[in-house]
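Both ligands and their constituent atoms are indexed starting at 1 by order of listing. Values below: every heavy atom of this structure, side chains too, minus hydrogens, waters and symmetry copies. These numbers were taken from a predicted model, which means no experiment stands behind them.
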Amino acid sequence: MDFSIAVIKGDGIGPEIVDQAVKALDAVGAAYGHSFAYERVLAGGEAIDECGEALPKRTVDVCKAADAVLLGAVGGWKWDSLPGGERPETALLGLRKELGLFANLRPAILFEELADACPLRPELTAGGLDLIVVRELTGGIYFGERGLRKTEDMGEAAYDVEIYSEGEVRRIGKVAFDMAGKRGGRLTSVDKANVLESSRLWRRVMTELAEGYPDVELSHLYVDNAAMQLVKNPRQFDVIVTGNMFGDILSDEASMITGSLGMLPSASLSASGAGMYEPSHGSVPKLAGLDRANPMATILSAAMMLRHSFGLAEEAAAVENAVKALLAEGYRTPDLFVEGKRLIGTSETGDIVAAHIT
Ligand code: IPM
Ligand code: MG
């Protein structure tokens, strides 16, 4: 089959990690007889430098027309002094909004081979870990009203509004309940309902939804407790559903349990089937161009693309198994390296993964 992929390499380590995911996709194409046509478009800092804006219209148009979007990362020191509304990150938020990508899936899987890279005591993760964070991605405090105002005696003040509608909570809730139904049947909704009105609405809607899913066991946790439980007893979790900002924070925490933030892929999906795939980590400017970045989160994001956007489950599994094979052979990128393993760089990681896809 033929597929078109809009490719945004972005900033920092973005270009080098995306190149490795493309190697894996090309290996899949050769092995299974598919063809992937890549269209390169700019977003973030690279777009600011070349086009004067973080999210050029052409980028949005190409991404909308493509079968899926592959993205590296955006942002870096170079653009840190720009005003909030012009920063590279606005490209990411703009794309999520323009494409309607309200459901962000972030699976945190501790591969057996990486048990030695997990910072938790072995007995807490014995038998592996497999949880997924379902993060609402186009609402909440990321998109609420924000601004500055003067106070009478405390100087300038800044505000960002956390706001969720019933409809927004219901549609992300459905994604999470469906997911839990297909997995272990356990869903944890995370909020701060002891303080926030928006969280009380979130909790009410999730509780109402639960009536339609008798096979899914719903529980609620306050976000502070959830953060604590994730390191105390991560095996209690199957599917976690939460808002935009809590999901941002908890998914970084969950990823570390899998050994490194460099292992956490993500898929951002819309109601109409549009999908954008990117690692959950950022652009890590200090590693840019050094061939030291771990491209596995991006490669695993490409696997999610094969599964969720193209319906190619077998091919997706082939990519995931290739990553596992690389780890089983003892290869480690610098973020995962421990004594006795074989240190490899970014590009070699892509080559080894591609070689395993046959
Ligand atoms: C993520 C990132 C982004 C976010 C940043 C770069 C805007 O941290 O995808 O988790 O906060 O959503
Ligand atoms: Mg984040």
Side-chain angles (χ1 to χ4, degrees), residues 8-15 17-18 21 42-48 54-55 59 63 69-80 82-108 131-144 146 160 162 164 168 172 190 223 226-227 230 240-258 260-270 275-288 293-294 297-298 300-302 304-305 335:
I8 300 172
K9 294 192 176 187
D11 311 316
I13 60 171
I17 55 177
V18 166
L42 303 179
E46 55 164 8
I48 294 174
L55 185 58
T59 299
C63 289
V69 182
L70 177 65
L71 183 142
V74 298
W77 305 315
K78 187 173 171 195
W79 306 278
D80 269 351
L82 288 174
E86 293 169 29
R87 293 178 60 99
E89 289 81 359
T90 59
L92 198 52
L93 302 187
L95 272 173
R96 289 171 179 172
K97 198 69 171 180
E98 288 274 354
L99 300 180
L101 307 171
F102 70 91
N104 184 216
L105 315 181
R106 297 189 162 184
L131 64 90
I132 181 162
V133 177
V134 177
R135 170 189 176 193
E136 200 290 326
L137 203 60
T138 53
I141 197 166
Y142 274 56
F143 292 93
R146 68 181 93 252
D160 302 86
E162 167 86 347
Y164 270 116
E168 285 175 309
I172 192 69
V190 172
V223 63
L230 261 174
I240 294 175
V241 63
T242 189
N244 207 340
M245 187 160 71
F246 296 159
D248 179 44
I249 299 167
L250 292 181
S251 61
D252 267 32
E253 188 188 6
S255 76
M256 196 56 226
I257 299 171
T258 70
S260 165
L261 186 49
M263 294 303 295
L264 197 79
S266 92
S268 306
L269 307 172
S270 78
M276 182 160 89
Y277 300 84
E278 54 172 313
S280 298
H281 59 72
S283 59
V284 206
K286 67 168 191 260
L287 290 186
N294 178 354
T298 317
L300 294 168
S301 300
M304 294 186 85
M305 173 187 294
D335 54 322

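Checking only distances, E278 never comes within under 3.5 Å of ligand 1, N or O to N or O. Remark: ligand 1 and E89 share no N or O pair separated by less than 3.5 Å (distance only, no angle test).
Residues V74 and P88 come closest through the heavy atom pair CG2-O, 3.8 Å. Across every non-hydrogen atom of S280 and P265, the tightest pair is OG-O, 3.3 Å.
In this structure, R87 falls outside the shell of residues with a heavy atom less than 4.0 angstrom from ligand 1. A heavy-atom separation below 4.0 Å is not found between M245 and ligand 1.
The protein heavy atom nearest to atom 5 (C) of ligand 1 is L92 CD2, 4.2 Å. In terms of protein heavy-atom proximity, atom 10 (O) of ligand 1 is closest to D248 OD1, 2.8 Å. Closest protein heavy atom to atom 4 (C) of ligand 1: Y142 OH, 3.5 Å.
Side-chain contact between M304 and L300 is absent, with no heavy atoms from C-beta onward closer than 4.5 Å.
Put simply, D248 gets within reach of the Mg ion (ligand 2), with an N, O or S atom under 2.8 Å from it.
If you number the atoms of ligand 1 from 1 as listed, the ones under 4.0 Å from a heavy atom of R96 come out as 1 (C), 4 (C), 9 (O), 12 (O). Close contacts between ligand 1 and R135 involve ligand atoms 1 (C), 4 (C), 9 (O), 10 (O), 11 (O), 12 (O) [criterion: under 4.0 Å to a heavy atom].
No side-chain donor-acceptor contact under 3.5 Å links T138 to the backbone of L101.
Between the CG atom in L71 and the NZ atom in K9 there is a gap of 12.5 Å [rounded to 0.5 Å].
With a 4.0 Å cut-off on non-hydrogen atoms, R106 touches ligand 1 through its side chain and not its backbone.
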